[in-house]
Each structure stands twice: as structure tokens, then as C-alpha cells.
Trainee: 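I'd like to ask some things about the structure below.
Heavy atoms only: backbone and side chains are in, while hydrogens, waters and symmetry mates are out. What you see is a predicted model, and the numbers here were worked out from it, not measured in a lab.
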Protein chains: 2
Amino acid sequence: MRERSSRTSPYTVDVVLVTAMGNELAILLTRSATDRERWSLPWRMPQTGETLEAAGARVAQDALGEAPIWMEQIGAFGDAKRHPSDSEMSVAFVGLVPHETASPRGGYTWFPMRDLPPLSPRQRAIVEVATRTIQGRLDQAPIAFRLLPSTFTLSELQQMYELLLGKRLHKASFRRALQAAWLVEPTDEWRSEGRGRPAQLFRYAPKKRRRPHRGVRFDFLYP
Amino acid sequence: MRERSSRTSPYTVDVVLVTAMGNELAILLTRSATDRERWSLPWRMPQTGETLEAAGARVAQDALGEAPIWMEQIGAFGDAKRHPSDSEMSVAFVGLVPHETASPRGGYTWFPMRDLPPLSPRQRAIVEVATRTIQGRLDQAPIAFRLLPSTFTLSELQQMYELLLGKRLHKASFRRALQAAWLVEPTDEWRSEGRGRPAQLFRYAPKKRRRPHRGVRFDFLYP
DNA sequence: CGAATTAGTCAATTTTTGCGACTAAAGTCA
DNA sequence: TGACTTTAGTCGCAAAAATTGACTAATTCG
């Protein structure tokens, strides 16, 4: 146990940086500060006066050299579970990075979600909540778009959704729903990817439209 | 400014206790600890070893004499905005209480959401997030059911949804969706409320069923 | 008793969705 | 070159689900 200065915060800001690597999600880990044999989420103690969002952004900046395109707080984790710091509590963020442009700094490594090294119990819980947040907010925030480069084909977008949802989607239905939502606009570029007809590139460019008149949805409790 | 002991946490746990009073939502406030002229959300400094959930539950306990039937963390609020304590940060919870059985302890008062007294900037932000959380999780958690007594009529349930959504719902559509979701079961009691045919009482009794096969929803960005 | 009021259901119509089949544009290989 | 394969993109029908107004049922009020 290290002595903790009374000037430092007794809580940390931890960030789960997520990317889509090949056909699975991956998160960025670094060597633990206290035990170099173990791995840890990137984190820092916020300085006095620093907002939580600023601290989270700075953690991402230190790890990637750039801010994630999308970041959201996923909560405070203050149970008794241990942490690489001796802090009593962590405020966690999840951030999304397109893999094509993400180049971690030295000491940081992408780990596929399905094959993570041992983490502290608290960080393990944070990662679980992060994955649930990503899946749960898929239809309320542009998650899939933020994991893709700024231009992409519709097949790539569909594959990203299939990866995030863990199930196959029907091409025509997917595109019909996408068109109705006015979320993408075509560029005048096309990409030929080996075989087959070239695909048009699109960019994320949401347009305002009026909310569809919908009744209540009793969607909770689906196990 | 009070001197802060180094033993106390530099963060507080604040709880937004929500009830449905008449036909609008209300939250529970108490006199501010530092300035008795002002009002404040109930809060406390968690003790070392106490989990955040336990601290939140205890705040509710102190205010109501009982635990809310449903409570959820809504995040950490650590910006520079001031708080009745001098803490740098607050972890906030939202809890739901049926108004019929809720009897606040002395010093605590229900305030309608649309007519709140001045609060500290941070607590104002917490209340805003709490209301958005309630609306946003309406179809993922049994929010409306937790604001009602344990048995209720379907008209009462529909009115609660109308209050929470801020719009009228069609009776037949509401009931069809409710039936399809297997969330309520009838009791053998009926209630005659003045005029009209008596209504059957129901209780919240969700049953497992298989998830309906649904495509993607691009629901975000509706303004 | 009849009018008014609230509960609860039905059924026609419209909207949304799932899905197979189709055309288009490229590469591969004989 | 030309048949075949592969991927992109679209069309249209059938099935499922939602919206809505109208209907029946049971009670109170006067």
C-alpha cells in the first residue's frame, strides 16, 4: 500500500476505449502502474478544478494521441472491489475509436474483448458495463458510425451492426430502415474491393426529421 | 467555507426521489445543510467501506423511512458547479416511490418538478439528468409500475405512462401492447371509482417470454 | 328508467417488416 | 472473349404489427 497524498483525489477516472478490430471488438489496455505484470484500463486521478469529462478526455489523449470521436460516462464504481490505484472509487467512461485511424502510444495494446487478460475486479465490472452500454445505446447514439472511418460502404455499416448485435441482418430491410432514418448521405466515391460490383461510399450526415408517432413499447424484461 | 476533515470523502451521494403527485411528478427536497433558507436534494458523504448503492439506499431511508422500490445510479457529477457540501463531486441516484405509501420524514417536502425552488447548479443538473433517465428508461425498466401502488387499474397505468411521456395514448393500442408483453396479471378485485363501470385491479407480474425478432432501429437523433 | 360515464373489446385500415428474387458491375478463369 | 462467380443495390409481395373509430358492458346520477 502506498501512502496517498491528501492533495490527490481518492477517486480515479477510468476509460474503456473500444474499437472494432477485424470482426470483433477490442479495448485498449496498458501495464498496471503498481504491478507491471498485470494489465489495466488507462486511468488517472483528476486534478482539482478539472471536470470529469476533461479528465476522461485526457486519459484518452494520453493513450491514443487523439480524443475519441464519441465518449460517454457510464457511471461511478465504488464498491469494495480493488483497483490498480488504491482509490475507493472510479468514474468510468467509454469511448469509441475507428480502428483504421487509431494508433495507440507505446505501452498500450488492443485486446479482443473475448480474450482479455486478468483485470482488477473493479475494472472487470467497468468493462462489462461498457459493453452493455454500447449494445444498449446502439439505437440512441451513433455507436456503429463512430467505430467506422468517416466514409464507409453500406455493407461495412451493416457488418458493424451485425458485430455489435451478434446476429445477422437482412440487407434489404437494413437499408430500408437506414433510408427512412436519413442518417447517411452518399459521397461521389466508389470503392472496388476485389471481386464484385464496387460499393458507393457514404458518410454519416444525420438530417432532422419529425419523430414518428409511436405508441408505448414494453420492451423491458426480455431475458 | 467549512474545513473538511481528511477522513470524510470529497464526494457526496445525492438521491433524486421521485413520486407521482396528482398528475405531475414531484421530487423530495430538504433544507440545505449550509444555508437553511435554501433547498437541497437529500445527500450524504459515504463512509469508508460503504458501497455507493448502500449510501444511496441510506439517504433514501433517512428521508422516507423506507427504501424506494426501484433505484438506479445516474452518474457522477464532478464539474465546477457548486454543491451544498463543498465536495468536488457527487454520485447521483434516482429512486421511485409510489405516492400513496410515501410519507416523508420531518424536514422533507415534495416539490412538483415544474415548480422547483432554486437549487445549487450541480443539483439542478442532477435533477435534469434524473428526469431524462426516467423518460429514457421507460421501456427498459418498470418505471411506471414502481410509481403506482402494488395493485392498480389499467387506466391508472395508462395515465402514468401519459404523464411520463407527456402525451396521450390510445387505449386499445396501449392494452394490446401490454397484453403482448405479459407484464401484468389480473387480481380478482374490482374498484368502483364513482361513475362508470368498475375497473379490474392488476398487479405487476412479468412473465418470461421469448424476445420478438426485430431488425435494427435507427432511433437516435430524433430531436 | 334513461342519460352520462368509465371499462374493456373488436375489427377495418394503414404501416412496418421479413424475405426471396431480381438487376448491376465488377473479377476469374478457361 | 465469354461463362461463371462474387458483391452491390433494388423491387415487390406476404405477413406481422400498429392506429384508430366504433362498439359492448357495467356502473352512478337524477
Trainee: Counting heavy atoms from C-beta on, name the nucleotide in C:dC19, D:dT28, C:dG27 closest to the side chain of B:R195.
Mentor: D:dT28
Trainee: Which comes earlier along DNA chain D counting from the 5' end, the contact point of A:G196 or that of A:K171, where each point is its nearest nucleotide?
Mentor: A:G196
Trainee: Please pick, from D:dG21, D:dC29, D:dT28, the nucleotide with the shortest atom-to-atom distance to any side-chain atom of B:S192.
Mentor: D:dT28
Trainee: Quick check for you: among C:dC19, D:dT10, C:dT9, whose closest atom lies nearest to any side-chain atom of A:H170?
Mentor: C:dC19
Trainee: Could you state the atom-to-atom distance from CG of B:D139 to P of D:dA18 in whole Å?
Mentor: 13 Å
Trainee: Nearest to the side chain of B:A172, which nucleotide is it out of D:dA26, C:dA25, D:dT20?
Mentor: D:dT20
Trainee: Taking CD from A:Q179 and P from C:dT15, how many angstroms apart are they, rounded to a whole number?
Mentor: 19 Å
Trainee: Rounding to a whole Å, what distance do you find between A:F152:CZ and D:dT7:C1'?
Mentor: 18 Å
Trainee: Using whole Å, what does the distance between atom P of nucleotide C:dA7 and atom CD of B:Q158 come to?
Mentor: 9 Å
Trainee: In whole Å, what is the span from the CG atom of A:L169 to the P atom of C:dT17?
Mentor: 13 Å
Trainee: Keeping the roles fixed (side chain from B:Q123, backbone from B:L41), state whether a donor-acceptor pair exists under 3.5 Å.
Mentor: yes
Trainee: How is B:S155 classified with respect to the nucleic acid when contacts are heavy atoms under 4.0 Å: base, sugar-phosphate, or nothing?
Mentor: sugar-phosphate
Trainee: Using heavy atoms to find the nearest nucleotide of DNA chain C for B:V216 and B:L154 separately, return the residue whose nucleotide is more 5′.
Mentor: B:L154
Trainee: What's the closest nucleotide to the B:A199 side chain, out of C:dA7, D:dT10, C:dT9?
Mentor: C:dA7
Trainee: Is there a side-chain contact between B:Q159 and B:L163, using heavy atoms and a 4.5 Å cut-off?
Mentor: no
Trainee: Using ring centroids (six-membered ring only for Trp), state whether A:F218 and B:F174 fall under 6.0 Å.
Mentor: yes
Trainee: Determine the contact category for B:R214: base if any of its heavy atoms lies under 4.0 Å from a base atom, sugar-phosphate if only primed atoms, P, OP1 or OP2 are that close, otherwise nothing.
Mentor: sugar-phosphate
Trainee: What's the closest nucleotide to the side chain of B:R217 if the choices are C:dT9, C:dT17, D:dT7?
Mentor: C:dT17
Trainee: Got a sec: does the CD of B:Q179 have more than 12 other heavy atoms crowding it under 6.0 Å?
Mentor: no
Trainee: Using atom CH2 of B:W190 as one end and atom C1' of C:dA7 as the other, report the distance to the nearest whole Å.
Mentor: 8 Å
Trainee: Quick check for you: among D:dG12, D:dA8, C:dT6, whose closest atom lies nearest to any side-chain atom of A:R176?
Mentor: D:dG12
Trainee: Using a distance-only test with no angle check, is there a side-chain donor-acceptor pair under 3.5 angstrom linking B:R122 and B:S90?
Mentor: yes
Trainee: Taking the minimum atom-to-atom distance to the side chain of A:Q200, which one of C:dG27, C:dG8, D:dG9 wins?
Mentor: D:dG9
Trainee: Considering only side-chain heavy atoms of B:R197, which listed nucleotide, C:dA7, C:dA24, C:dC10, is closest?
Mentor: C:dA7
Trainee: At under 4.0 Å between heavy atoms, what does A:A177 touch on the DNA or RNA strands: base, sugar-phosphate, or nothing?
Mentor: nothing
Trainee: B:R175 side chain N/O closer than 4.0 Å to the phosphate oxygens (OP1, OP2) of C:dA7?
Mentor: no
Trainee: Could you tell me if the side chain of B:W110 sits less than 4.5 Å from the side chain of B:T19, heavy atoms only?
Mentor: yes
